[in-house]
*Asks:* 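Structure below; questions to follow.
Numbered from 1 within each chain, the chains take letters A, B, ... in sequence-line order.
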Amino acid sequence: MNTFYITTPIYYVNGEPHAGHAYTTIVSDVLARYHRIKGDQVFFLTGVDEHGANVHKVAENAGLAPQAYCDKMTPIFTELWERLNISHDIFLRTTSDMHKRGAKKFLTALYDSGDVYKAPYEGYYCRPCERFVPEKELTDEKICPIHKLPLEWIEEENYFFRLSKYQDRLLAHIHENPLFIYPESRRNELLSVLDSGLEDISISRSSVSWGISLPFDPEHIVYVWIEALMNYMTALGYETDNERYHTFWPANVHMMAKDITRFHALIWPAMLMAIDLPLPKQIVAHGWLTKDGEALSKTRGIVIDMDTDIETYGLDAFRYYLLREFSFGNDGDYRPTRLHERYNADLANDLGNLLNRVLGLLNKNFDGIPAPTTPGEFDDEVKEMAQTTVDKLDEHINAFAFDSALETIWEFVRRVNRYVQQTEVWTLAKPETKPRMGTILYNSLEALRFVSVLISPFIPDTAEKIQKQIGLAEFDTVADWGRLPVDLKVSKGEPIFPRVDLKKEKAPQPKASKPKQKSKETNLISFADFQKLDLRIGNIISAEPIEGADRLLKLQVDLGTEKRQVVAGIAEHYKPDVLIGKQVIVVVNLEPATIRNVESHGMILAASGDSVVLATPETEVPLGTQVK
RNA sequence: GCCGGUGUAGCUCAGUGGUAGAGCACACGACUCAUAAUCGUGCUGUCCGGAGUUCGACUCUCCGCACCGGCACCA
């Protein structure tokens with residue numbers, strides 16, 4: 001028996017899951033389910049990454065201990081996967097004992113390989129960021145570009161992994177295994193990264209506390225990214241070297257979004273090479289989802305409202321749309337109207353209606369599924385197409401072409417609709433033609449059983465509904481023609497995809513999806529804190545662009561008693577000349593900063609969501625008036 | 001400013017060095033078993049622009065334009 005081990009990344013719990021996570025996981029789910037119906041022994045891993053400075057910080061902001069924070073966030077992921085009907089075999093948490101023990105074993109092996117060494121690491125360090133600020137981000141003042149606080153010069157000992165040593169072997173492996181990194185665009189990208197040379201990487205942090213300590217030096221915590229990669233092995237039970245681990249490693253597919261391929265396709269294989277373990281077969285990257293053409297961004301309010309669409313059209317319609325509409329590997333634009341069109345055209349009209357008309361005819365004329373006694377025109381054609389559809393589907397799935405896979409299945413669905421049409425089966429109820437009628441209905445229903453098997457990896461609930469309506473007691477996963485039993489009692493046929501009328505649906509769609517209530521308790525500040533702000537009314541007296549910066553404008557603001565130069569990131573929304581003469585609110589006691597070599601003494605307040613709009617007093621007021 | 005992607009029918013997108021494709025939408029016809037469903041026929045294209053390579057380019061190369069994304073930058 002073949003085995004098939006597929007993984008999603010373990011998702012970072014410093015934020016809630018969004019449609020992108022859902023896409024990765026659904027796609028992986030399809031592969032897992034597909035291999036199961038082929039009879040492969042499947043292991044499907046997903047989970048969460050709970051360690052690292054970021055989680056620590058977010059937890060702190062929320063007033064929680066890191067573990068308590070993780071315990072709160074993790075269920076949000078598991079609940080979403082349940083709602084999306086994800087069939088993972090394990091959900092791994094990196095705070096679990098299993099993972100920690102496995103990671104330590106892995107780290108020990110890595111250390112024993114001799115490719116881990118200790119070396120001083122020095123540079124300018126920002127405490128709040130918990131990171132060294134790279135050379136290119138440094139300014140003359142040596143302040144953190146994010147926090148604007150003075151940086152510390154730190155020299156600390158860190159552990160490094162000798163990644164550079166594996167450059168040639170990686171290159172050779174990628175060349176010898178053309179499908180190792182998929183799709184090709186990503187492969188080329190990483191080949192060019194390899195061409196430009198690999199540097200050894202730091203794998204530990206001594207300044208971070210929330211994580212797993214190095215077994216060979218407990219003062220140091222393993223860098224969260226390095227630790228996360230090991231999950232693909234620890235989830236199998238690597239630390240106990242058990243049967244599951246030996247059965248499933250190496251993984252067949254590491255599925256992920258395109259932004260994290262470097263870690264998976266270079267660093268991870270190199271680490272495995274170091275400890276002489278087999279490499280995963282394929283690193284597979286899909287594109288990003290966009291919404292109406294724009295990248296998803298929580299801060300800009302560009303989000304995909306999965307809940308609403310799932311509620312309106314059902315989970316399977318949502319899964320179908322994602323899989324059918326997006327060409328794998330490329331970015332795909334999510335549009336609710338397209339989902340609507342797909343739902344009605346493909347699911348309701350083509351498939352749902354086909355099932356319904358066949359069941360209707362059968363119920364009206366027969367008592368149970370008739371035997372196929374009377375072959376005739378078109379029968380063989382349908383039968384053959386059923387088989388070729390199975391073969392084509394396999395090719396498409398192996399190439400991650402889920403859109404083509406579904407298109408192939410739907411070509412067959414349309415063929416069956418045509419079969420019913422061509423044979424005019426509804427005219428054959430007379431006694432002398434009734435055996436032929438029964439045969440055609442048997443074939444049609446058997447075709448639908450085929451379809452239900454083939455779509456089951458994509459839209460599992462629908463597949464089950466179809467088989468249930470056909471009268472099968474247990475889900476049949478075998479795509480061999482003629483398995484449909486005779487005499488089964490079919491159901492009367494409730495539409496599995498009732499048409500959704502767009503006009504009706506518009507009514508209860510007042511776009512008042514409540515703007516997420518930010519966890520209010522956690523972000524409260526005291527009145528004293530607020531009083532620290534010195535806000536004043538100023539008048540913009542000049543505005544000009546700053547060279548080399550798309551978003552910045554240099555403003556001169558008259559505060560009555562003094563004039564200030566302020567840099568504002570509003571160039572994309574305001575032309576300089578329209579600003580002149582405008583009254584604005586200025587934070588005057590903000591510490592000065594140098595941005596793009598221009599000094600800024602203060603900050604202009606503006607509403608910044610999807611667009612940026614300056615906050616101005618409702619009527620003109622004297623310059624320098626305090627705002628509170 | 002740097003890096004990358006995209007530009008093909010009204011819409012969403014496939015695609016190939018040799019006379020342009022699918023689905024949806026649209027029009028007309030057939031049918032009436034079925035969820036205003038199904039089936040058939042038809043329709044539209046300077047394949048972003050320019051130059052080059054070639055017997056021949058939508059397909060390869062170069063230059064440009066537009067849009068998108070990432071990074072820089074957002075006090």
Side-chain angles (χ1 to χ4, degrees), chain A residues 134 136-137 143 145-148 185-186 188-189 192 258-259 287-288 290 292-297 299 321 324-327 329-333 335 337-342 344-365 401 403-404 406-407 410-411 413-429 437 440-441 444 493-501 546-553 566-573 586-606 608 612:
Chain A
K136 60 180 180 185
E137 292 179 29
I143 55 174
I146 295 162
H147 296 89
K148 300 301 169 201
S185 51
R186 296 270 96 71
N188 292 338
E189 191 179 293
S192 80
K258 65 185 182 183
D259 50 337
W288 287 331
T290 58
D292 296 323
E294 293 193 90
L296 299 184
S297 156
T299 53
Y321 170 67
R324 173 66 185 86
E325 191 88 349
F326 301 129
S327 80
N330 299 324
D331 292 357
D333 196 30
R335 298 188 183 200
T337 55
R338 294 290 300 165
L339 168 57
H340 175 84
E341 287 168 12
R342 283 284 174 200
N344 276 343
D346 295 0
L347 297 176
N349 294 355
D350 287 346
L351 179 59
N353 181 57
L354 173 62
L355 176 68
N356 209 236
R357 69 195 296 211
V358 173
L359 289 180
L361 281 164
L362 210 143
N363 275 318
K364 198 175 291 182
N365 297 288
D403 55 338
S404 310
L406 285 169
E407 171 62 15
W410 253 256
E411 276 170 20
V413 171
R414 286 192 281 270
R415 179 66 191 89
V416 180
N417 259 322
R418 197 159 73 243
Y419 177 62
V420 173
Q421 202 72 25
Q422 286 171 316
T423 55
E424 297 190 342
V425 61
W426 57 89
T427 63
L428 303 176
M437 181 187 213
I440 294 166
L441 291 179
S444 304
E494 287 296 312
I496 51 175
F497 293 111
R499 272 185 71 91
V500 174
D501 188 349
I546 293 172
E547 204 177 325
D550 295 348
R551 309 166 89 147
L552 303 180
L553 289 180
V566 176
V567 174
I570 56 173
E572 289 173 314
H573 303 88
V586 184
V587 185
V588 295
N589 62 339
L590 195 65
E591 60 184 24
T594 303
I595 302 141
R596 218 63 202 181
N597 289 327
V598 179
E599 281 184 37
S600 180
H601 301 271
M603 170 174 168
I604 308 286
L605 293 189
S608 43
V612 169

*Asks:* Between B/U12, B/G23, B/U35, which one does the side chain of A/Arg414 approach most closely?
*Replies:*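 Looking only at heavy atoms from C-beta outward on A/Arg414, the closest nucleotide is B/G23.
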
*Asks:* By nearest nucleotide on RNA chain B, pick out whichever of A/Ala568 and A/Arg357 is the more 5' one.
*Replies:* A/Arg357

*Asks:* What's the gap between B/G18 and B/U61 when it is taken at their P atoms, as a whole Å value?
*Replies:* 16 Å

*Asks:* When only distance counts, do a donor and an acceptor, one from the side chain of A/Gln421 and one from the base of B/U38, lie under 3.5 Å apart?
*Replies:* yes

*Asks:* Under 3.5 Å, side chain of A/Asn365 to main-chain N/O of A/Leu361, donor-acceptor pair present?
*Replies:* yes

*Asks:* Could you check how far CG of A/Leu605 sits from C1' of B/C74, rounded to whole Å?
*Replies:* 14 Å

*Asks:* Rounded off to whole Å, could you give me the CD-to-C1' distance for the A/Glu411 and B/G23 pair?
*Replies:*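 Whole-Å distance recorded here is 10 Å.
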
*Asks:* Compare all side-chain heavy atoms of A/Trp426 with those of A/Lys364 and state whether any distance is below 4.5 angstrom.
*Replies:*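 Not in contact.
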
*Asks:* Please report the distance separating the C1' of B/C67 from the corresponding atom of B/G29, rounded so that it comes out in whole Å.
*Replies:*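 Those two atoms are separated by 42 Å.
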
*Asks:* Measure from CD on A/Glu407 to C1' on B/G15 and round the result to the nearest Å.
*Replies:*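 My rounded result for the distance is 14 Å.
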
*Asks:* Is it the case that the side chain of A/Tyr321 and the backbone of A/Arg335 share a donor-acceptor pair, with hydrogens and angles ignored and the cut-off at 3.5 Å?
*Replies:*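 Yes, A/Tyr321 side chain to A/Arg335 backbone: donor-acceptor pair under 3.5 Å.
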
*Asks:* If I take atom CZ in residue A/Arg338 and atom P in nucleotide B/C13, what distance separates them, rounded to the nearest angstrom?
*Replies:* 8 Å

*Asks:* When both hydrogen-bonding distances must be under 3.5 Å and the geometry is Watson-Crick or G-U wobble, what is B/U16 paired with, if anything?
*Replies:*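 Because no pair has both required distances under 3.5 Å, B/U16 counts as unpaired.
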
*Asks:* Could you measure between the two P atoms, the one in B/G5 and the one in B/C74, and give it in whole Å?
*Replies:*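 To the nearest whole Å, 27 Å.
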
*Asks:* Between A/Leu552 and A/Arg418, just flag the one whose closest nucleotide in RNA chain B comes earlier from the 5' side.
*Replies:* A/Arg418

*Asks:* Looking only at atom C1', what distance separates B/A25 and B/G42, rounded to whole Å?
*Replies:*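 The answer is 14 Å between these two C1' atoms.
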
*Asks:* Under a 3.5 Å cut-off for both contacts, is B/G23 paired Watson-Crick or G-U wobble with anything, and if yes, with which nucleotide?
*Replies:*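 Across any shown strand, B/G23 pairs with B/C11.
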
*Asks:* Let me know the distance between CG of A/Leu441 and P of B/A34, rounded to the nearest Å.
*Replies:*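 After rounding, the reported distance stands at 13 Å.
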
*Asks:* Taking only the P atom of each, what is the distance from B/G10 to B/C26 in whole angstrom?
*Replies:* 15 Å

*Asks:* For the C1' atoms, the ones on B/C48 and on B/C58, what distance do you get once it is rounded to whole angstrom?
*Replies:*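 Looking at atom C1' only, B/C48 and B/C58 are 11 Å apart.
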
*Asks:* Report the nucleotide, chosen from B/C33, B/U38, B/U12, that has the shortest atom-to-atom distance to any side-chain atom of A/Arg335.
*Replies:* B/U12

*Asks:* Give A/Glu424 one of three labels, base, sugar-phosphate or nothing, depending on what nucleic acid heavy atoms sit under 4.0 Å from its own.
*Replies:*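 The answer is nothing, as A/Glu424 stays clear of every strand by at least 4.0 Å.
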
*Asks:* Just to be sure I understand the rule, does A/Val567 reach a base, reach only the sugar-phosphate, or reach nothing, if contact means heavy atoms closer than 4.0 Å?
*Replies:*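 If one applies the 4.0 Å heavy-atom cut-off, A/Val567 turns out to touch the sugar-phosphate alone, with no base involved.
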
*Asks:* Please work out if A/Glu325 contacts a base, only the sugar-phosphate, or nothing of the nucleic acid, heavy-atom cut-off 4.0 Å.
*Replies:*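 Touches sugar-phosphate only.
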
*Asks:* For B/A34, give its Watson-Crick or G-U wobble partner with both distances under 3.5 Å, or none.
*Replies:*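 Checking every strand shown, B/A34 finds no partner, since no pair has both distances under 3.5 Å.
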
*Asks:* By nearest atom, which of the nucleotides B/A22, B/U38, B/U35 is closest to the A/Pro495 side chain?
*Replies:* B/U35

*Asks:* Return the CG to CG distance between A/Leu406 and A/Asp403, rounded to the nearest 0.5 Å.
*Replies:*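 It is 8.0 Å, given to the nearest 0.5 Å.
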
*Asks:* Which base sits across from B/G1 as a Watson-Crick or G-U pair, both distances under 3.5 Å?
*Replies:*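 Pairing partner, where one exists within any strand: B/C71.
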
*Asks:* Taking C-beta and beyond as the side chain, do A/Leu339 and A/Glu325 meet within less than 4.5 Å on heavy atoms?
*Replies:* no

*Asks:* Do A/Glu407 and A/Arg414 sit within salt-bridge range, that is, some charged N less than 4.0 Å from a carboxylate O?
*Replies:* yes

*Asks:* Whom does B/C43 pair with, Watson-Crick or G-U wobble, provided both distances fall under 3.5 Å?
*Replies:*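 Pairing partner, where one exists within any strand: none, as none qualifies.
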
*Asks:* With heavy-atom distances below 4.5 Å as the criterion, would you say the side chains of A/Trp410 and A/Leu351 are in contact?
*Replies:*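 They are in side-chain contact.
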
*Asks:* What nucleotide, of B/U12, B/C24, B/U38, holds the atom closest to the side chain of A/Glu341?
*Replies:* B/C24

*Asks:* Quick one: the side chain of A/Asn353 and the base of B/A34, do they pair up donor-acceptor inside 3.5 Å?
*Replies:* yes

*Asks:* Between B/G21 and B/U44, how many Å separate the two P atoms, rounded to a whole number?
*Replies:* 12 Å

*Asks:* For atom C1', what is the distance between B/C11 and B/C73, given to the nearest Å?
*Replies:* 36 Å

*Asks:* Base, sugar-phosphate, or nothing: which does A/Asn365 touch, judged by heavy atoms less than 4.0 Å apart?
*Replies:* nothing

*Asks:* Under 4.0 Å between any heavy atoms, over every strand shown, what does A/Leu355 touch: base, sugar-phosphate, or nothing? Just pick one.
*Replies:*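 A/Leu355: no heavy atom of the nucleic acid under 4.0 Å.
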
*Asks:* Does the side chain of A/Arg357 come within less than 4.5 Å of A/Asn417's, by heavy atoms?
*Replies:* yes

*Asks:* Who does B/C62 pair with, Watson-Crick or G-U, both distances under 3.5 Å?
*Replies:* B/G50

*Asks:* Whole Å only: how far is the CG atom of A/Asn349 from the C1' atom of B/C39?
*Replies:*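 My rounded result for the distance is 13 Å.
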
*Asks:* Rounded to whole angstroms, how far apart are CG on A/Asn344 and P on B/A25?
*Replies:* 9 Å

*Asks:* Could you tell me the separation between the CG atom of A/Leu354 and the C1' atom of B/U35, rounded to a whole number of Å?
*Replies:*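 About 12 Å, once rounded to whole Å.
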
*Asks:* OP1 or OP2 of B/A37 versus the side-chain N and O atoms of A/Asn356: is any pair under 4.0 Å?
*Replies:*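 For B/A37, OP1/OP2 do not have a side-chain N/O of A/Asn356 under 4.0 Å.
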
